[in-house]
Amino acid sequence: MKFIHHTTIALALLLSATNIPYANANPDEGMYPLSELNRAGLKKAGLKISEKDIYNPGQVGLVDALVQVSGCTGSFVSNRGLIITNHHCAFSAVQLASTAINNYLKNGFVAQNQEQEIEAKGLKIRITDSYEDVSVKILNSVANISDPVERINTIKRKQEELVKQAEKEDPTIKAEVSEMFIGKSYVLFRYKTIEDVRLVYIPRQNIGEFGGETDNWVWPRHTGDYSFLRAYVGKDGKSAPYSKDNVPYQPKKHLKVNPNGVKENDFTFILGYPGKTFRHRPAQYIKYQQDYLLPYVSNLYDFQNKQMEEAGKDNTDIALSLATRIKRNANVLKNYRGKLKGLRGIDLLSTKKQEDEALAAFILSKPELKGKYGNLLNDIAAYYQVSDQDALKELWINNIYNSTSLLKVARDLNTLKVAMGKERSSHAAKQLFDYNVEQLKKSIQETYESYNKQADQRIFGRMLADAAAFQGKNQLESIQKLQLNGETANTYATQLINSSKLADQNYILNTVLANANALSQFDDKLLSFQNELDNDIVIFAAEQKRREGVLNKLMGDYVAVKEIFQAKNFIPDANSTLRLTYGHIKGYAPADATYMKPFTTIEGIIQKGNLGLSDFDYPQEIKTAYLNKNFGPYLKKDLGSVPVNILYDMDTTGGNSGSPIMNANGELIGVNFDRAYDATINDFAWNESYSRSIGVDIRYVLWVADKIDNAHFILKEMGI
Ligand code: ARG
Ligand code: ASP
């Protein structure tokens, strides 16, 4: 399957750049900013309510029911601050609340009343309050600046200035300026935050994580990836830290849950906070991903996970301490492998090259564009030609500290130690120490929590061996000097770690960080190693900054001219700001001779369970209810069962997890949580043939809550 949708030059010449209705070759593609809803074609696609019911500046709309939950999305489903999101979005908070005796992660947690709800540590909630286009202000500030570093610094300074000003005008909000199109358009967002979040209802792990890594990024899927939280505020209605006296937050709007769900081909839409996509990038960017980033990171994470799994295989405590790292790695790793498969499958690189060639020809054909953008594509090619030369070095630098825990500890200690050394007096150095030591201890402690010596040594050895093998511009002087090879790198890593005191957590936290003097005098081989390495990194960081400035300008021009060329209004890439996407409940054919239906059922849980894999363990209660056909009102008659997960062609990415899926009337019928394997490539290119996302059907949520978990308190609150 190939997708070519570049407009022919002749057609583009006929159309003027402005006032053209949105004409997308992919009708269901697009993560629309709310300001663009009027050209999304929602009504034509099947929306039954008015666009103003969704978003109406100054008035209340569905968007007021949306929340951002620490990197995920969620939505209010009652007027008492009840929130529905994913199980995997609350995972870390559930883990923190769990003990061996009260293992909520494993057994789930159901509050039967508000008093029983427990603190969800670490979860923060944000609500989008309002926003405003500030592109002119930002771009005016750099109109006469051509030096790339100064340009990028000025843009950043201007962004900060606007943020400060907005927060001063209204101290109850947090502001953020988001780059909508790199180097081209900027929007100021005002957010309200909620600090007191509580766990209300968490399904047990073999429902909420059913399928585990085996089924991650896979359709057909049967995961009950949902959870319920509640937002609390102070009695005065203002955001406040956790306190027994806080009261449930009253949202301006909450979503109505429709227990009847959806059927195939129904119109649906999603509001949420998609993280990052890279669709408006030139061919060289795709080549960089395909040749460098995706293979490098996926291979590294694969290696890391093997070492961590090996380290924890006979020891539950070690396994637990490494579980979150392994889970995150596994999620990214599988996503990147999916992308690599997809890039090859659709040969996106060739398509992008053709697009860029046509764009170049278009620029040359128009005198007014030729003057301004005549060199653009050559400049882009030249940029990547240079940056590809040390791409491996950059990836290595970006990954070294997350790969080697003790080296990260060394870096954190050195940062303070070096800064203290630069102070004019020992008194000033001591002050600096006192000011920073608690924060430093906290971050070091966090690193130690997932530290394992055996895994650390092996991963460090591999990183050193990798760097030692680098050629040309990829070489790092500090590593070259050691003259290591594949074998000696491992020995070197092992010896360095063995000779270091950094593995002794107690000693570092209580002796080295006992006072300023102790830190100033602390010497360690790993610290010296990190110091040397840091010289290389600092030099490279300056070059990275310069490149960021160059790229910012090039990409701004690229998007601007491409918009003229394609004579259609671009939808900006995702950037963690609130977006709407719509589509339909739809199956697909991911491989020769296959067709995947858009609903899975309870029967599928039983079938997978029969495989005997631990990822597919499920509660006996599900089997019993299934055998007794105890489906209640949640039965979908044509399936003869309760629908578990649903598939649709909406445009989603990471960050959309937990987003409410709504029907044509704006009622909640499911919760988004994943994509099918082939849709991992969405981040570079969306296509109707392979882009499918996965959600949990609300009927499954309600069925489990009702028949398996007796969570009647929540059902009643949602009006079920
Ligand atoms: N793939 C989904 C997402 O990107 C679900 C992740 C849940 N985590 C996991 N490792 N299975 O977040
Ligand atoms: N699982 C992802 C998330 O957590 C969603 C996705 O990447 O499709 O946001």
Side-chain angles (χ1 to χ4, degrees), residues 33-35 57 67-71 124-195 238-239 241 273-278 280 394 397-398 411-412 415-416 418-419 422 432 435-436 439-440 442-443 537-538 540-560 572-579 655:
L34 302 180
S35 54
V67 296
Q68 204 168 10
V69 192
S70 311
K124 286 255 167 339
I125 286 184
R126 292 209 314 189
I127 301 164
T128 301
D129 204 47
S130 66
Y131 60 84
E132 178 189 334
D133 192 320
V134 292
S135 312
V136 175
K137 288 181 190 167
I138 301 261
L139 294 175
N140 276 349
S141 73
V142 291
N144 301 315
I145 301 178
S146 55
D147 176 64
V149 176
E150 206 189 323
R151 200 185 139 84
I152 199 81
N153 283 340
T154 309
I155 290 180
K156 290 200 170 133
R157 230 179 299 124
K158 189 76 194 170
Q159 284 178 300
E160 280 162 25
E161 188 189 308
L162 293 170
V163 163
K164 273 205 192 113
Q165 194 185 327
E167 290 179 355
K168 204 170 134 197
E169 277 163 22
D170 181 354
T172 67
I173 58 117
K174 284 261 166 278
E176 215 169 271
V177 174
S178 301
E179 190 172 54
M180 305 303 281
F181 281 120
I182 174 168
K184 185 174 174 244
S185 70
Y186 298 83
V187 174
L188 171 88
F189 285 85
R190 297 184 189 84
Y191 296 102
K192 287 230 144 76
T193 58
I194 287 176
E195 293 165 77
K238 290 199 185 119
S239 179
Y273 290 93
K276 231 169 171 354
T277 54
F278 308 89
H280 302 309
E394 180 170 36
I397 288 176
N398 289 345
R411 179 197 63 188
D412 293 350
T415 306
L416 184 56
V418 171
K422 288 191 181 140
L432 192 67
Y435 187 73
N436 285 292
Q439 187 54 42
L440 176 63
K442 218 176 123 200
S443 102
I537 295 182
V538 166
F540 191 64
E543 170 62 8
Q544 276 178 308
K545 187 93 185 211
R546 190 194 65 81
R547 288 184 194 173
E548 193 190 342
V550 174
L551 197 63
N552 181 279
K553 175 84 171 66
L554 290 176
M555 288 302 110
D557 288 351
Y558 180 78
V559 167
D573 272 310
N575 63 350
S576 295
T577 59
L578 189 53
R579 303 294 179 96

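The minimum heavy-atom distance between Arg579 and Pro274, with the atom names listed, is CG-CG, 3.7 Å. In terms of heavy atoms, Ser141 sits closest to Ile145 at O-CD1, 3.7 Å. The nearest pair of heavy atoms linking Ala166 to Ile173 is O-CD1, 3.8 Å. The two atoms that bring His280 and Val559 nearest to each other are CB-CG2, 4.0 Å, heavy atoms only.
At least one side-chain heavy atom of Glu195 sits under 4.5 Å from a side-chain heavy atom of Lys124. Side-chain contact between Pro572 and Pro33 is present, with at least one heavy-atom pair separated by less than 4.5 Å. Between Leu162 and Glu132 there is no side-chain heavy-atom pair separated by less than 4.5 Å. Put simply, the side chain of Val69 does not reach to within 4.5 Å of the side chain of Tyr273, judged on heavy atoms. Residues Met555 and Glu179 form no side-chain contact, since every pair of their non-hydrogen atoms from C-beta on lies 4.5 Å or further apart. In this structure the side chain of Asn552 reaches within 4.5 angstrom of the side chain of Ile155, judged on heavy atoms. Taking the side chain as every heavy atom from C-beta outward, Lys137 and Glu161 never approach each other to under 4.5 Å.
Side-chain N or O atoms of Asp129 include none that pairs as donor or acceptor with a backbone N or O of Arg190 at under 3.5 Å. Checked by atom type and distance alone, the side chain of Glu167 pairs as donor or acceptor with a backbone atom of Ala175 at under 3.5 Å. Between the Ser239 side chain and the Thr193 main chain, a donor and an acceptor come within less than 3.5 Å of each other. Side-chain atoms of Thr277 never come within 3.5 Å of backbone atoms of Asp573 as a donor-acceptor pair (strictly under, hydrogens ignored). Although no hydrogens or angles enter the test, the distance criterion places a donor-acceptor pair under 3.5 Å between the side chain of Tyr131 and the main chain of Ser35. In terms of modelled atom types and a separation under 3.5 Å, the side chain of Thr128 and the main chain of Tyr191 share no donor-acceptor contact.
From Phe278, atom CZ reaches atom CD1 of Ile182 across 10.0 Å, with rounding to the nearest 0.5 Å. A distance of 11.0 Å separates CZ in Arg546 from CG in Leu551, rounded to the nearest 0.5 Å. Separating the CG atom in Leu432 from the NZ atom in Lys422 is a distance of 11.0 Å, to the nearest 0.5 Å. With rounding to the nearest 0.5 Å, the separation of OG in Ser70 from CD1 in Ile125 is 8.0 Å. Here the NZ-CD1 distance, from Lys174 to Ile127, works out to 14.5 Å after rounding to the nearest 0.5 Å. Note: Gln439 CD to Asp412 CG = 10.0 Å, rounded to the nearest 0.5 Å.
Screening Lys553, Arg151, Lys156 for a salt bridge (charged side-chain N to carboxylate O under 4.0 Å, His left out) with Glu548, the sole residue that qualifies is Lys156.
One finds a salt bridge joining Glu543 and Arg547 here, because a Lys/Arg side-chain nitrogen approaches an Asp/Glu carboxylate oxygen to under 4.0 Å.
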Kindly determine whether Val134 and Val177 satisfy side chain to side chain contact (heavy atoms under 4.5 Å, CB included), including the steps that lead there. CA-CA 8 Å; Val134 292; Val177 174; 4.1 Å; yes
Report the C-alpha separation of Met180 and Asp133 in whole Å, then their side-chain angles, then the decisive distance to 0.1 Å, and conclude whether the side chain to side chain contact (heavy atoms under 4.5 Å, CB included) test is met. CA-CA 10 Å; Met180 305 303 281; Asp133 192 320; over 6 Å; no
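Side-chain contact, Asn153 with Lys545: a donor N or O sits under 3.5 Å from an acceptor N or O.
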